[in-house]
Amino acid sequence: MYMRLGFSVNRVFARTPLSTVATAEPGVCRLAGRAVALGAAPVSEASGRAYVARRLAIVPSSDGSDGTHRFGQAVDFLVDDGSGIALVKGAGGRVSVSQDYEAPVTTLDKVPWVDVLLRSGGYYNGSPTTCRIRLYEGVVEDGAQVGVRGQVEAPDDEARALGASVVIRGTASDPVMIRAERREPAAS
């Protein structure tokens, strides 16, 4: 599921104190740790990279005035912070990650998955063969450092089977938020 982006994940993260899986209590919480894919992670149509979360910026242009359309996508994954494991319910989440991939410029007719995505966000172009597409992407890969913010719940049977002691998910009014985190420098 793709989610159209509209507010700053980073601002919300800044207002939410960091916790650990071991000390997380029911309610809204922010965790940081290593992302662990559940099975085979989806592979990006744009860059060919596997991901647990990604952010796309798509710039369609027939005349240069179509703007940038941003989308995020995430799947369920685990976060291991060293104190425990959390199951993150990523579907419908907001994603913040630096866009480190730029696809070659093409036309909309050559990337039908982009056309479907843009239409789901309300964009329509009547001439896909002349509509130029610039696409930028950033991903959170399996094993990468990741931050998550969402509603903490007790583990269900699925979470317990995966070794998770809590579940992090979004609510109808407050989606789960996912962002790439910088790796901590090694202690010397």
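Residue numbers run from 1 in the order of the sequence given.
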### Message
Run V12 and D174 through side chain to side chain contact (heavy atoms under 4.5 Å, CB included) and show every step you take.
### Response
CA-CA 11 Å; V12 174; D174 193 12; 5.6 Å; no

### Query
Do L135 and L56 have side-chain heavy atoms sitting under 4.5 Å apart?
yes

### Task
Check the hydrophobic clustering (I, L, V, M, F, W, Y; side-chain heavy atoms under 4.5 Å; chains of links allowed) and say if L108 and V116 are grouped together.
no

### Query
Does any non-hydrogen side-chain atom of V59 lie less than 4.5 Å from one of I133?
no

### Message
Main chain of S44, side chain of S47: is a donor-acceptor contact present, judged purely on distance under 3.5 Å?
### Response
no

### Message
Using the salt bridge (charged side-chain N to carboxylate O under 4.0 Å, His left out) criterion, which residues pair with R30? Sequence neighbours excluded.
### Response
none

### R169/D76 ion pair, N-O < 4.0 Å
no

### Message
Using the side chain to side chain contact (heavy atoms under 4.5 Å, CB included) definition, which of the options V95, I168, T171 pairs with V176?
### Response
I168

### Task
Answer whether the closest heavy-atom distance between the side chains of I58 and F71 falls below 4.5 Å.
yes

### Query
Thinking salt bridges, do R55 and E137 make one under a 4.0 Å N-O criterion?
no

### Query
Are side-chain heavy atoms of F77 and V146 found at a separation under 4.5 Å?
yes

### Query
Distance-only, no hydrogens or angles: does the Y136 side chain make a donor-acceptor pair with backbone N or O of A103 under 3.5 Å?
no

### Y123 side chain reached by C131 side chain, heavy atoms, under 4.5 Å
yes

### Query
Going only through I, L, V, M, F, W and Y residues with side-chain contacts under 4.5 Å, is there a path from V167 to V148?
no

### Query
Going from SG on C29 to CG on L18, what distance comes out if it is rounded to the nearest 0.5 angstrom?
8.0 Å

### Task
With sequence neighbours excluded, give me every salt bridge (Lys or Arg N to Asp or Glu O under 4.0 Å) pair touching residues 101-121.
D115-R119

### Task
Output, in order, the C-alpha distance, side-chain angles, deciding distance and verdict of side-chain hydrogen bond (donor to acceptor under 3.5 Å, both in side chains) for T16 and R149.
CA-CA 8 Å; T16 309; R149 180 202 176 270; 3.0 Å; yes

#### Entry: Interatomic spacing from CD in E153 to CD in Q151 - rounded to 0.5 Å
6.0 Å

### Task
Would you mind checking if E158 and R160 are paired as a salt bridge, meaning a charged N to carboxylate O distance below 4.0 Å?
no

### Query
Under the criterion side chain to side chain contact (heavy atoms under 4.5 Å, CB included), which of I85, L87, V36 is the partner of L162?
L87

### Task
Rounded to the nearest 0.5 Å, what's the gap from OG1 on T106 to CZ on R132? Could you check?
10.0 Å

### Query
Do NZ/NE/NH1/NH2 and the carboxylate oxygens of R34 and D81 come within less than 4.0 Å?
no

### Query
Are any non-hydrogen side-chain atoms of P60 and H69 less than 4.5 angstrom apart?
yes

### Task
List the steps and the verdict of side chain to side chain contact (heavy atoms under 4.5 Å, CB included) for L117 and Q73.
CA-CA 11 Å; L117 183 57; Q73 182 184 30; over 6 Å; no

### Message
Between Q99 and R70, is there a side-chain heavy-atom distance shorter than 4.5 Å?
### Response
yes

### Heavy-atom side-chain contact between V28 and V152 under 4.5 Å
no

### Query
Is it the case that one hydrophobic cluster holds both I178 and L78, taking links as side-chain heavy atoms less than 4.5 Å apart, direct or via other members?
no

